[in-house]
A.B. asks: 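Quick one: the structure is below, questions incoming.
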Amino acid sequence: MREDNCIFCKIANGEIPSKTLYEDDKFRVILDLGPATKGHALILPKDHYADLLELPEESAGDVMKLAKKMVLKFKEKLGCEGFNLVQNNGDLAGQTVFHFHLHLIPRYRADGQTIGWKPQEVSGEELEEIKNQIVG
Ligand code: 5GP
Ligand code: ZN
């Protein structure tokens, strides 16, 4: 299933050229055009799913297996010392292309990037309340 106006559908299915690192019948892994670091790549399913919630469970498992394979290659070939997996869902969360993708971001000493959040203060009572709201 592809969506006509989706750029990642076109890239994943080879209609638009990309720097492809890996391809099989379900996925393509490409270099990001606006990389955070050297080797920043995206895992794209060839079928169109807007986000993680639309991605079938089996594909979600396959994505993590593929991520592991790719970051091992980055360690071996690029010498990165760590990596971040980033996956944005929804525009509020920073998603700009609404075709599921997992960012693979190799990390190097002093690479100048920060991927994170500002920790907030929270009490034990508040944590308990939140826990109950989610699972209570
Ligand atoms: P998001 O913000 O949706 O999580 O990430 C979208 C990512 O896609 C960004 O890192 C952006 O640089 C990358 N990107 C957007 N358009 C293209 C494109 O046409 N080709 C490639 N290779 N990457 C793209
Ligand atoms: Zn798509």
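Remember, it's 1-based here, ligands and their atoms both numbered in the order they're listed. Numbers here are sequence positions counted from 1.
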A.B. asks: Quick one, D51 and F100 - any side-chain contact, counting heavy atoms below 4.5 Å?
C.D. replies: no
A.B. asks: So, regarding H40 and ligand 1 (criterion: nitrogen or oxygen to nitrogen or oxygen, under 3.5 Å), is there a contact or not?
C.D. replies: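 Between H40 and ligand 1, no N or O pair is found under 3.5 Å apart.
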A.B. asks: Step through the shown structure and confirm whether more than 12 heavy atoms of other residues, nucleotides or ligands are within 6.0 Å of CG on L127.
C.D. replies: yes
A.B. asks: Any chance CG of D24 has more than 12 other-residue heavy atoms, nucleotides or ligands included, within less than 6.0 Å?
C.D. replies: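 Yes - once you tally the heavy atoms of other residues, nucleotides and ligands closer than 6.0 Å, there are more than 12.
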A.B. asks: Mind counting the protein N, O or S atoms sitting less than 2.8 Å from the Zn ion (ligand 2)?
C.D. replies: 4
A.B. asks: May I ask you to decide whether K26 forms a salt bridge with D62, counting only side-chain N to carboxylate O separations under 4.0 Å?
C.D. replies: yes
A.B. asks: Starting from atom 18 (C) of ligand 1, which protein heavy atom do you reach first, and at what distance in Å?
C.D. replies: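 Looking at atom 18 (C) of ligand 1, the protein heavy atom closest to it is L33 CD1, 3.6 Å.
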A.B. asks: Hey, mind stepping through D47 and Y49 against side-chain contact (heavy atoms from CB on, under 4.5 Å) and telling me if it holds?
C.D. replies: CA-CA 6 Å; D47 282 337; Y49 307 107; 3.6 Å; yes
A.B. asks: Taking non-hydrogen atoms only, is T96 closer than 4.0 angstrom to ligand 1 via side chain, backbone, both or neither?
C.D. replies: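 The answer is both.
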A.B. asks: Verify side-chain hydrogen bond (donor to acceptor under 3.5 Å, both in side chains) between E126 and S123, making sure each step is shown before the conclusion.
C.D. replies: CA-CA 5 Å; E126 283 170 312; S123 67; 3.2 Å; yes
A.B. asks: Take every heavy atom of L42, measure it against each atom of ligand 1, and state whether any distance is under 4.0 Å.
C.D. replies: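 The answer is yes, since L42 has a heavy atom less than 4.0 Å from ligand 1.
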A.B. asks: Between Q87 and ligand 1, find which residue part has any heavy-atom pair under 4.0 Å and reply side chain, backbone, both or neither.
C.D. replies: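 Near ligand 1, Q87 shows nothing, with every heavy atom at 4.0 Å or more.
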A.B. asks: Would K131 and E128 pass as an ion pair if we require N to O under 4.0 Å?
C.D. replies: yes
A.B. asks: With a 4.0 Å cut-off on heavy atoms, is G94 in contact with ligand 1?
C.D. replies: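 In this structure, G94 qualifies as a contact of ligand 1 - some heavy atom is under 4.0 Å.
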A.B. asks: For side-chain contact (heavy atoms from CB on, under 4.5 Å), just list the numbers for F27 and K46, CA-CA rounded to whole Å, side-chain angles, deciding distance to a tenth of an Å, and then say yes or no.
C.D. replies: CA-CA 5 Å; F27 299 101; K46 291 189 171 178; 5.8 Å; no
A.B. asks: What is the closest protein heavy atom to atom 15 (C) of ligand 1, and at what distance does it sit?
C.D. replies: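 Of the protein heavy atoms, V97 CG2, 4.1 Å lies nearest.
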A.B. asks: Taking non-hydrogen atoms only, is I7 closer than 4.0 angstrom to ligand 1 via side chain, backbone, both or neither?
C.D. replies: side chain
A.B. asks: Determine whether a donor-acceptor pair (N or O, by modelled atom type, separation under 3.5 Å) exists between the side chain of D91 and the backbone of G94.
C.D. replies: no
A.B. asks: Closer than 4.0 Å to some heavy atom of N88 - which atoms of ligand 1 meet that?
C.D. replies: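 Counting from 1, the qualifying ligand atoms are 1 (P), 2 (O), 4 (O).
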A.B. asks: From the options I16, L31, D91, D51, select the one whose nearest heavy atom is closest to atom 22 (N) of ligand 1.
C.D. replies: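 Selected option, by shortest heavy-atom distance: L31.
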A.B. asks: Can a salt bridge be assigned to the pair E3 and K10 using a cut-off of 4.0 Å between side-chain N and carboxylate O?
C.D. replies: no
A.B. asks: With heavy-atom distances below 4.5 Å as the criterion, would you say the side chains of L42 and L104 are in contact?
C.D. replies: no
A.B. asks: Please determine if D32 has a nitrogen or oxygen closer than 3.5 Å to a nitrogen or oxygen of ligand 1.
C.D. replies: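 There is such a contact, yes.
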A.B. asks: Counting both backbone and side chain atoms, is some N or O of I11 under 3.5 Å from an N or O of ligand 1?
C.D. replies: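 Min N/O separation from ligand 1 is not below 3.5 Å for I11.
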A.B. asks: Is the closest basic N to carboxylate O distance between E81 and R107 below 4.0 Å?
C.D. replies: no
A.B. asks: Within a 6.0 Å radius of atom CZ on F74, are there more than 12 heavy atoms belonging to other residues, nucleotides or ligands?
C.D. replies: yes
A.B. asks: Flag I30 as yes when one of its N or O atoms lies below 3.5 Å from any N or O atom of ligand 1, and as no otherwise.
C.D. replies: no
A.B. asks: With heavy atoms of Q95 as the reference, note each atom of ligand 1 found under 4.0 Å away.
C.D. replies: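 The list of qualifying atoms is 3 (O).
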A.B. asks: Can you label the angle between the H103 ring and the H40 ring as parallel, tilted or perpendicular, going by 30° and 60°?
C.D. replies: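 Aromatic pair H103/H40 classed tilted.
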A.B. asks: Any heavy atom of H101 sitting closer than 4.0 Å to ligand 1?
C.D. replies: yes
A.B. asks: Below 4.0 Å from ligand 1: does a non-hydrogen atom of F8 turn up there or not?
C.D. replies: yes
A.B. asks: For G34, counting its heavy atoms only, list the atoms of ligand 1 lying under 4.0 Å from any of them.
C.D. replies: 12 (O)
A.B. asks: Heavy-atom contacts with H103 under 4.0 Å: which atoms of ligand 1 show up? List them by number with element.
C.D. replies: 1 (P), 4 (O), 5 (O), 7 (C), 10 (O)
A.B. asks: Let me know which of H99, H48, E15 forms a side-chain hydrogen bond (donor to acceptor under 3.5 Å, both in side chains) with R2.
C.D. replies: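 The single option meeting the side-chain hydrogen bond (donor to acceptor under 3.5 Å, both in side chains) with R2 is E15.
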